[in-house]
Amino acid sequence: MNKRTSWADLAANSAAENTYAGSSVNNGILGTTSGGASRTNTYVPPHLRNRPASSDPPAPAYSGPASSNDRSAYGGARWGGARNDSRSGYGGSGGGGGRTGGWGGGRGGGWDRGREQEVNPFGDDDNTEQAFSEQANSGINFDAYEDIPVETSGDNIPPPVNIFAEIDLGEALNLNIHRCKYVKPTPVQRHAIPISLAGRDLMACAQTGSGKTAAFCFPIINGIMEMQAQGVQRPSRGARTVYPLALILSPTRELSMQIHEEAKKFSYQTGVKVVVAYGGAPINQQLRELERGVDILVATPGRLVDLLERARVSLQMVKYLALDEADRMLDMGFEPQIRKIVEQMDMPLPGFRQTMLFSATFPKEIQRLASDFLYNYIFLAVGRVGSSTDLIVQRVEFVYDSDKRSHLMDLLHAQRANGVHGKQALTLVFVETKKGADSLEHWLCVNGFPATSIHGDRSQQEREQALRSFKSGNTPILVATDVAARGLDIPHVAHVVNFDLPNDIDDYVHRIGRTGRAGKTGLATAFFNESNVSLARALADLMQESNQEVPAWLSRYAARSSYGGGRNRRPGGNRFGGRDFRRDSSYTRGGMDYYGGNSTSGYGASGGYGGGYGPGVTSAWD
DNA sequence: AAAAAAC
């Protein structure tokens, strides 16, 4: 099938789909002004939908850092001093001077030379049609994503698109999208990409496995291509310092590697250079890669701080900042490092860069912290509570600690009997501690189960080897700590076992999200005992909302447990993956009204469960 | 209390 045909088909499909788009985004439930003037009740033919309301020319090209980059009527104030915001501290810094300094003519440094050597990340030089046919990227079950609720809030929200062709991402990027077999944007992509292209900051809450990486990569790559077409030039002082235009941070090394791999595919032959930097690996090779030129830097925080302190990287030219798993990046362990990178180095201030935060979960107190990094942002929540849980069958079994191993063995035996394609289905087993991971792995191997493990005490080489071996099916059982809980896209994980349950329901959501990816189904089994009572209620609520069978004994634990102080709460009634904390009645923002003043049906401050909870409610699921 | 993240 050639591109023309498939896009034509998509256009036809999307016309039908538009009913859904209109109702979910624009109905009164949300109580938000979405979509601006074009979102009215009047019928608009499909080919005219989602256009800027005015008669402005469509999607002007990048016009330089000192001028407006608005793709439509929906952009806010942009980089380079266009903002008319009155907060202090924004005097002339961060590009307010416009076309002075480093923004002359000429090309970005160094990459043209290396460009000829660019490795084809599709692993198939001549036949792009066949590339990826066996990969997880193909065959996304989009039907599973239909009818997903979407909540947007914020000021002047760009309308979603229905097909990639509706957005001008450029020929090279479109070709890569085609090569990746992405035929139709996922819900988060439909909404997030127009928001990003309009230059807006974004806080996005979307299901695990729903295509978040592409959602922030496409606009970044597109934006950098336009900057390069305009002849962006980086400072030349400090010969060994490099100046990335985009920074993507993630909480684990393997996730950074994965994002790097994805971003390389998306940016193939676009002239946009992606480099990854993370700890546990020799820094010299990473330094050499950086010296060959970098537009998008993907990194874990520790290694990046190291590079910044060595002055090998400067963030002065960063125009795009993306935090993947943003709630994790801002939790207690990470927040100081992230603040240092974002606020205490030479990164442009909010409003002078574009900031995008993505996660499947977004507790409210984390949203509050995150808002420091954002300028007049749009909040986007896509999908049901509990991520892709309609696609994941969740089971909870009462298992004493002393019985866990034999119980796991029973599960694995049963699965082996069901083995598909002669190979054992991939099973990911989460445990609480690194020692626990080692000993369970050893025990499984001794008992004839091909297992490996991944956790923070293993060398980076061992970690990467373990992941490869698991993915390939060589060792179809992977025992893991929470290092593997978030973001990792491992195709064909049929079963996630919570051998030890986490203490936080959000961690549970991320863990089970390792299966049921890309619209496929999956199974998640949890071993529950007295040491997990604090999770009982949140777990029961989550399961109930995702139409799972809740064992009566679990409901009894749930009824008994009180919600005093923990953050494991998440009342029912909210079909969305999260809520904008700015809509809380407790949160007042000094007179700014982001929401058009109307908040309706079911999303009022009192909520369905309002009375049942004490002060200090913290989860975005509220 | 544990996990992750630099050397």
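In what follows, every heavy atom counts, from backbone to side chain, and hydrogens, waters and symmetry copies are set aside. In the text below, chain A, chain B and the rest are named by the order of the sequence lines, each starting its count at 1. Keep in mind that what you see is a predicted model, and the values were worked out from it rather than measured.
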Practice task
Please state how far atom CD in A:Q460 lies from atom P in B:dA6, giving the value in whole angstrom units.
Solution key: 9 Å

Problem - Check: B:dA1 base within 3.5 Å donor-acceptor of A:N503 side chain - result: yes

Handout entry: Gap between atoms CG and P, on A:D327 and B:dA3 respectively (whole Å)
Key = 19 Å

Problem - Note: A:E289-A:K273 ion pair, threshold 4.0 Å (strictly below) - result: yes

Exercise for the section: Measure the distance from NZ on A:K435 to C1' on B:dA4 and round it to the nearest whole Å. Expected result: 19 Å

Handout entry: Distance in angstrom units between A:L501 CG and B:dA1 P, rounded
Key = 20 Å

Exercise for the section: Please state how far atom OH in A:Y278 lies from atom P in B:dA6, giving the value in whole angstrom units. Expected result: 10 Å

Handout entry: Integer-rounded Å distance: B:dA4 P and A:D457 CG
Key = 7 Å

Exercise for the section: Could you tell me whether A:R328 contacts a base, only the sugar-phosphate backbone, or nothing, with contacts defined as non-hydrogen atoms closer than 4.0 Å? Expected result: nothing

Exercise for the section: Determine: side-chain N/O of A:R458 to OP1/OP2 of B:dA3, distance under 4.0 Å, yes or no. Expected result: no

Practice task
Classify the nucleic acid contact of A:V483 as base, sugar-phosphate or nothing, counting any heavy atom under 4.0 Å across all strands shown.
Solution key: sugar-phosphate

Exercise for the section: For A:R486, answer base if it contacts any base atom (sugar-phosphate contacts may also be present), sugar-phosphate if it contacts only those atoms, and nothing otherwise; contact means non-hydrogen atoms under 4.0 Å. Expected result: nothing

Completion exercise
From CE of A:M332 across to P of B:dA2 the rounded distance in Å is 13 Å

Problem - Short side-chain N/O contact from A:T300 to OP1 or OP2 of B:dA6, under 4.0 Å - result: yes

Practice task
Test A:H495 against A:T525 for side-chain hydrogen bond (donor to acceptor under 3.5 Å, both in side chains), laying out the working first.
Solution key: CA-CA 8 Å; A:H495 196 177; A:T525 305; 2.7 Å; yes

Practice task
Look at all strands and tell whether A:G279 reaches a base, only sugar-phosphate, or nothing, counting heavy atoms closer than 4.0 Å.
Solution key: sugar-phosphate

Handout entry: Rounded distance in Å - CG (A:D507) to C1' (B:dA2)
Key = 10 Å

Practice task
Select one nucleotide: of B:dA5, B:dA2, B:dA6, the one nearest the side-chain heavy atoms of A:D306.
Solution key: B:dA6

Exercise for the section: Kindly point out which of B:dA5, B:dA6, B:dA3 is positioned nearest to the side chain of A:F334? Expected result: B:dA5

Exercise for the section: Output yes when at least one side-chain N/O atom of A:T481 is less than 4.0 Å from OP1 or OP2 of B:dA2, else no. Expected result: no

Exercise for the section: Would you please confirm or rule out a distance under 4.0 Å between OP1 or OP2 of B:dA4 and any side-chain N or O of A:K434? Expected result: yes

Handout entry: Worked check of side-chain hydrogen bond (donor to acceptor under 3.5 Å, both in side chains) between A:T427 and A:Q415
Key = CA-CA 9 Å; A:T427 301; A:Q415 214 168 282; 2.4 Å; yes

Handout entry: Carboxylate-amine/guanidinium contact A:D500 A:K404, below 4.0 Å
Key = yes

Handout entry: Any donor-acceptor pair under 3.5 Å from A:S314 side chain to A:Q316 backbone
Key = yes

